[in-house]
Number of protein chains: 2
Amino acid sequence: MTAIVPFNPAAARPRSSDARERLLQAAAPLFASRGFNGVSVRELAESAGVNVAAISYHFGGKAGLYTASLEVLMEKMRPVGGPVIAMVDQAFKAGAPDGPACAALMASIVRHILTTLLDGSLPPWVTQTVLREFQEPTEDYRPMFDERVLPLQRAIRKVVAAALELAPESPRAVLASQAVIGQIMVFAATRHLVLEELQWTNFSGERLEIVIETAQALVLRSICLTLSEQ
Amino acid sequence: MTAIVPFNPAAARPRSSDARERLLQAAAPLFASRGFNGVSVRELAESAGVNVAAISYHFGGKAGLYTASLEVLMEKMRPVGGPVIAMVDQAFKAGAPDGPACAALMASIVRHILTTLLDGSLPPWVTQTVLREFQEPTEDYRPMFDERVLPLQRAIRKVVAAALELAPESPRAVLASQAVIGQIMVFAATRHLVLEELQWTNFSGERLEIVIETAQALVLRSICLTLSEQ
DNA sequence: GCCATTAAATCAAACGCTTGTTTAAATCTT
DNA sequence: AAGATTTAAACAAGCGTTTGATTTAATGGC
């Protein structure tokens with residue numbers, strides 16, 4: 001009569017708990033491609049090779065599994081924004097950097113974000129889910145957004161504001177940095193369209209380099225900067 | 001036993017067919033905010049104030065209603081891309097325009113797109129649905145994409161390629177135009193985030209003007225152009 | 001002008017099926 | 001032996017769709 005209540009995700013798990021891990025791994029790509037309502041618990045269970053009841057048992061229900069899979073997904077996003085934030089903090093440690101330093105910094109940011117997003121090391125369903133939550137947030141998403149996405153936005157805005165000599169909180173700085181973010185993220189958001197248009201199959205190697213160089217050139221020009229080297 | 005088969009959308013509708021119109025109007029916002037699987041037929045019917053059976057009767061099923069509502073939605077998108085394509089065609093009638101002409105043309109394009117997307121005349125669920133289909137296309141969407149979105153992309157690419165003196169089919173032109181499209185569309189895609197960040201409630205009047213001017217400045221600089229006037 | 005005729009549209013109710021969840025027995029692990 | 005885990009089966013509720021009767025609106029013969 002009383003429900004078995006083991007679903008404490010943080011608690012030390014006494015056994016190997018095979019099913020839990022298998023579900024967590026199988027769920028994310030399915031949710032990513034068809035959304036929460038587009039996937040049934042039976043499909044999730046079958047894809048993970050476990051019994052349907054395992055979902056309620058380990059996660060308290062379908063919604064709990066979604067939340068948990070969203071958390072592991074956001075963890076995978078850490079290498080995208082983390083280094084960028086660190087780089088910006090470092091550069092601004094001794095006051096706002098000058099023009100050439102800003103240019104070099106922004107070039108590194110563009111390269112790092114596009115590399116981590118496009119080079120294939122990050123599973124495609126990660127960006128897929130983040131973009132979905134971006135425009136149609138579930139309530140679970142908000143804290144992750146505040147923790148992961150917003151600091152990245154703020155970091156980029158600092159650089160843009162410095163380059164354009166604007167106050168970081170001014171409307172123009174907010175809008176300009178949003179435009180810059182759009183310039184970069186569009187390649188992740190429309191990944192398959194770009195690949196189709198160029199008749200490419202992926203962004204590896206030389207092709208990624210072309211994307212990065214083109215994006216760098218446009219981003220830097222848009223905020224009145226150029227790379228001084230050569 | 002044989003099904004009544006009146007669901008011919010194009011055929012002249014003999015009667016007023018109240019329910020059909022009411023469903024079509026109620027469905028789009030619901031589908032937009034929660035997706036095809038997120039809305040039930042009973043909810044659709046109740047929201048439209050009609051009987052559940054009306055959906056199967058008039059559209060052949062829930063999927064048919066979705067397709068139909070996607071069509072009226074794409075029709076609402078016509079004023080966004082249509083004039084842009086016309087403007088570009090006009091400007092390129094006598095060969096590629098020179099620098100200043102390109103700058104003026106691109107400035108007009110940015111102004112037109114941002115105005116139609118943000119000034120509130122277009123219901124918010126229109127862009128919402130388009131962006132959703134963009135990254136998670138249903139099969140109904142593809143022909144509409146080819147008809148509406150692709151020509152707009154091509155038109156913008158022509159201008160970008162002309163400004164950067166690249167062949168319109170070259171990878172760099174494709175990528176650069178995609179970055180420009182990202183600069184513009186990011187304001188529609190992250191509409192609520194930008195509003196929240198600026199503590200605005202909408203993009204009307206003076207505020208829209210700031211957005212347009214900022215976007216124009218960044219887009220033009222990114223493709224090596226400036227407005228000659230003043 | 002009026003009333004039977006006919007087809008379209010609407011309706012409440014039920015259809016078969018899938019959904020997410022729960023149960024209680026069986027199986028593992030220590 | 002005892003608790004954690006897995007299992008097949010069943011659960012109620014909701015799903016999209018269909019049914020057959022009823023209402024509505026235009027038509028044609030008189």
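Any value given below was found using the heavy atoms of this structure, including those in side chains, with hydrogens, waters and symmetry copies removed. Reminder, nothing fancy here: chain letters follow the sequence lines and each chain counts from 1.
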Polar side-chain atom of B:Arg22 near backbone of B:Ala48 as donor-acceptor pair, under 3.5 Å: yes

B:Glu133 versus B:Thr138, side-chain donor and acceptor atoms under 3.5 Å: yes

D:dA4, OP1 or OP2 - any side-chain N/O from A:His58 closer than 4.0 Å? no

Whole-Å distance between D:dA25 C1' and B:Asp18 CG? 14 Å

Evaluation steps, salt bridge (Lys or Arg N to Asp or Glu O under 4.0 Å), between A:Glu169 and A:Arg154: CA-CA 10 Å; A:Glu169 316 301 338; A:Arg154 296 263 150 79; 5.7 Å; no

Is the A:Tyr66 ring parallel, tilted or perpendicular to the A:Phe31 ring (thresholds 30°, 60°)? perpendicular

Which of parallel (below 30°), tilted (30 to 60°) and perpendicular (above 60°) describes A:Phe145 and A:Tyr141? tilted

Below 3.5 Å between N/O atoms, which protein atoms pair up with nucleotides 11-15 of chain D? Just atom names and distances, please.
residue, atom, partner, partner atom, Å
D:dC15, OP1, B:Ser40, OG, 3.3

What integer distance in Å separates B:Leu23:CG from C:dC11:C1'? 14 Å

Please determine, by modelled atom types, if B:Asp119 and B:Ser121 share a side-chain donor-acceptor pair under 3.5 angstrom. yes

Calculate the interatomic distance between B:Tyr57 atom OH and C:dA9 atom P; express it in whole Å. 4 Å

Rounded distance in Å - CG (B:Asn37) to C1' (D:dG16): 12 Å

Between C:dT19 (P) and A:Glu46 (CD): distance, integer Å: 11 Å

In whole angstroms, how far is the C1' atom of C:dT10 from the CZ atom of B:Arg20? 16 Å

In whole angstroms, how far is the P atom of D:dT18 from the CZ atom of B:Phe59? 16 Å

Can you find a donor-acceptor pair, distance only, under 3.5 Å between B:Asn51 side chain and C:dA12 base? yes

Give B:Ala54 one of three labels, base, sugar-phosphate or nothing, depending on what nucleic acid heavy atoms sit under 4.0 Å from its own. nothing

